[in-house]
Amino acid sequence: MASVPFKKILVANRGEIALRIICACKDLGIPTVAVYSEADRHSLPVRFADQAICIGPAKSARSYLDVPSIISAAEITNVDAIHPGYGFLSENSSFAEVCRVSRIKFIGPSPEVISQMGIKERARAIMKEHGVPILPGSEGVLSSPEEAVETANRIGYPVILKASAGGGGRGMRIVNSAAELPGLLEQAQQEAGASFSSADVYLEKFIGAPRHIEFQVLADEHGNVEILGERDCSIQRRHQKLLEESPSPALSDKIRKRVMAKLKEALKAIGYSNAGTVEFLMDEKGDLYFIEVNARIQVEHPVTEMVTGVDLVKAQIRIAAGEKLEDILCGPVVCRGHAIECRINAENPETFTPSPGRITGLNLPGGIGIRVDTHAYQDGVIPPYYDSLVAKLIAYGADREEAIARMKRALDLFVVEGIHTSIPLHKRILNEPDFIAGTFDTNFIKRWM
Ligand code: MV4
């Protein structure tokens, strides 16, 4: 395959990930088109892309989520592919379908796979069918309160109700007894119907203090699948991840190997292609249970890039161009050393309320083992309309201890003036005994605040 797989790529996103995609395209020698809202006119993706087109006002619904505007921009600029990044249209199967019909390559899985993985209880059934461990729960969606009570009595309380079209924590209800189940089911179905495309709800055994472990996947369009190790994303608050690392300090080699082997077969059977993440919960015993598939590149992908040396965004582009995984990876995937990512958000570190505004002073850390993915610059503005991510600070070390030491050093040298950021919060997390020992779960922040 030629070294330039596409003639031009449109980046259908903003912020640090838009810049990250532009960088991958530059490394591949592919010209780029940035699309931007009126709020992002002076942003770095606009500056560093080869072309830039304004697609609408600040509000996402009228810009980064506006399919006709983005397709028009793609047609006007004559691109042959679109990279959706994360969030926005990245897991919208209709958008992927519109791209297909418009003969523009969507850099991601097929619309069919995106759609199937978006139905959580379907994904769960498919994984079970291929021997990937899942939690005890309902077989498919719940059709009545009686069926819900019957299932919950069988598996034992507490249980959790989840919206089939949900994900990321929305539309969930924890149920502690049969008495409260019918009422909470009604609530969950109501909320699911109002928030998502479907009111369908399913039920699972509830794990009270899990760790969040996710596997990074790359799959080509010829049926080959590789798993690039896992990330531990347990340090989060209200479903917003704060810090991620790879490898997980809690995952045993035995379970890692077993789950990776089953997962690989399941993803081949699904016909998965491009990059993806498969989320699991780890229980107190250290066992993993599948929860959902994220059919996109994720915010925290750099920690996997640091331990594997694989450029995941570049791999996504080459996969979309039809290249084979063996030509992209050149040899077996080896995970080496340890990487940690701190998400630097524009927010008050005590209250977590957003803190948009102008960056009046900025010093970005560097040096051995440090990577900063950011669209921030001196005098740049963090607008209030989008997520509050300002930068991702990634530290790599030969082992976890070295990665932590380098992260602390980099946080000390990281200066952002004019807005509040989560830098002080990260400094505190890195000094917590449970973090240092690696003995935390998803309740770490809640317990501590
Ligand atoms: C769970 C769970 C406990 N038991 N499922 C939240 C996000 C979504 N991806 C799945 N989530 C959860 N599912 C069962 N059966 C607890 C959570 C959960 C969670 C999971 C990962 C990271 C942070 C979390 C915070 C609260 C709840």
Side-chain angles (χ1 to χ4, degrees), residues 86-87 90-91 117-125 127-128 132-142 148 151-152 154-176 181 184-185 188 191-192 195-196 200-216 230-246 248-251 276-296 298-300 303 341 343 352 429 434-435 439-449:
Y86 52 68
S90 61
E91 290 176 283
M117 295 300 105
I119 306 168
K120 308 296 168 193
E121 124 280 333
R122 281 289 310 277
R124 188 169 180 274
M127 290 296 172
K128 183 185 179 185
V132 177
I134 59 164
L135 287 160
S138 57
E139 251 181 66
V141 299
L142 296 165
T151 309
R154 176 165 56 78
I155 65 180
Y157 293 89
V159 298
I160 185 167
L161 297 166
K162 293 184 177 183
S164 187
R170 295 161 306 160
M172 307 192 319
R173 290 288 185 285
I174 300 160
V175 188
N176 288 303
L181 183 45
L184 289 171
L185 176 62
E191 191 174 313
S195 317
F196 313 118
D200 288 349
V201 166
Y202 65 102
L203 179 157
E204 267 177 9
K205 179 83 189 155
F206 176 68
I207 311 275
R211 293 179 76 116
H212 173 133
I213 311 275
E214 57 182 36
F215 288 88
Q216 176 66 52
E230 82 284 358
R231 298 183 286 261
D232 192 318
C233 309
S234 302
I235 307 287
Q236 55 84 43
R237 180 183 176 270
R238 297 195 184 169
H239 307 297
Q240 293 299 314
K241 293 168 186 162
L242 296 172
L243 180 154
E244 307 95 344
E245 60 183 302
S246 184
S248 167
L251 184 60
T277 295
V278 187
E279 286 186 28
F280 287 81
L281 294 183
M282 181 189 279
D283 68 6
E284 316 72 51
K285 284 164 55 189
D287 288 326
L288 292 182
Y289 300 95
F290 167 81
I291 43 172
E292 59 190 68
V293 176
N294 301 132
R296 60 169 190 272
Q298 287 196 276
V299 175
E300 59 272 26
V303 295
E341 172 179 279
R343 295 192 188 190
F352 293 94
I429 292 171
D434 271 341
F435 178 75
T439 52
F440 48 84
D441 58 54
T442 54
N443 301 315
F444 174 84
I445 299 289
K446 190 169 37 180
R447 200 176 296 126
W448 182 51
M449 289 282 144

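Ligands are counted one by one from 1 in listed order, and the atoms in each one are counted from 1 as well. Predicted model only: the values in this text are computed from it and were never measured.
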Distance-only donor-acceptor pairs under 3.5 Å for side chains of residues 281-293, two or more places apart:
residue : atom : partner : partner atom : Å
Asp283  : OD1  : Lys285  : N            : 3.0
Asp283  : OD1  : Gly286  : N            : 3.1
Asp283  : OD1  : Asp287  : N            : 3.0

Tell me which donor-acceptor pairs under 3.5 Å the side chains of residues 441-449 have, and how far apart each pair is, sequence neighbours excluded?
residue : atom : partner : partner atom : Å
Asp441  : OD1  : Asn443  : N            : 2.7
Asp441  : OD1  : Arg447  : NH2          : 3.1
Asp441  : OD2  : Arg447  : NH2          : 3.0
Thr442  : OG1  : Pro210  : O            : 3.2
Asn443  : OD1  : Lys446  : NZ           : 3.3
Asn443  : ND2  : Gly208  : O            : 3.1
Trp448  : NE1  : Glu432  : OE1          : 3.4
Trp448  : NE1  : Glu432  : OE2          : 2.8

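Judged as a side-chain hydrogen bond (donor to acceptor under 3.5 Å, both in side chains), and not counting sequence neighbours, the contacts of Arg173 are Gln187, Glu191.
Gly140 and Glu121 make their closest contact through CA-CG, 3.5 Å (heavy atoms, listed as atom of the first residue, atom of the second, distance).
Here the side chain of Ser138 pairs no donor or acceptor atom with the backbone of Tyr202 at under 3.5 angstrom.
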Under 3.5 Å: N or O atoms of ligand 1 paired with protein N or O:
residue  : atom   : partner : partner atom : Å
ligand 1 : 4 (N)  : Ile207  : N            : 2.9
ligand 1 : 5 (N)  : Lys162  : NZ           : 2.9
ligand 1 : 9 (N)  : Glu279  : OE1          : 3.2
ligand 1 : 9 (N)  : Glu292  : OE1          : 3.1
ligand 1 : 13 (N) : Lys162  : NZ           : 3.1
ligand 1 : 15 (N) : Glu204  : OE1          : 2.8
ligand 1 : 15 (N) : Lys205  : O            : 2.7

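Paired with Arg231 under the rule side chain to side chain contact (heavy atoms under 4.5 Å, CB included), one option of Glu341, His212, Gln298 passes, and it is Gln298.
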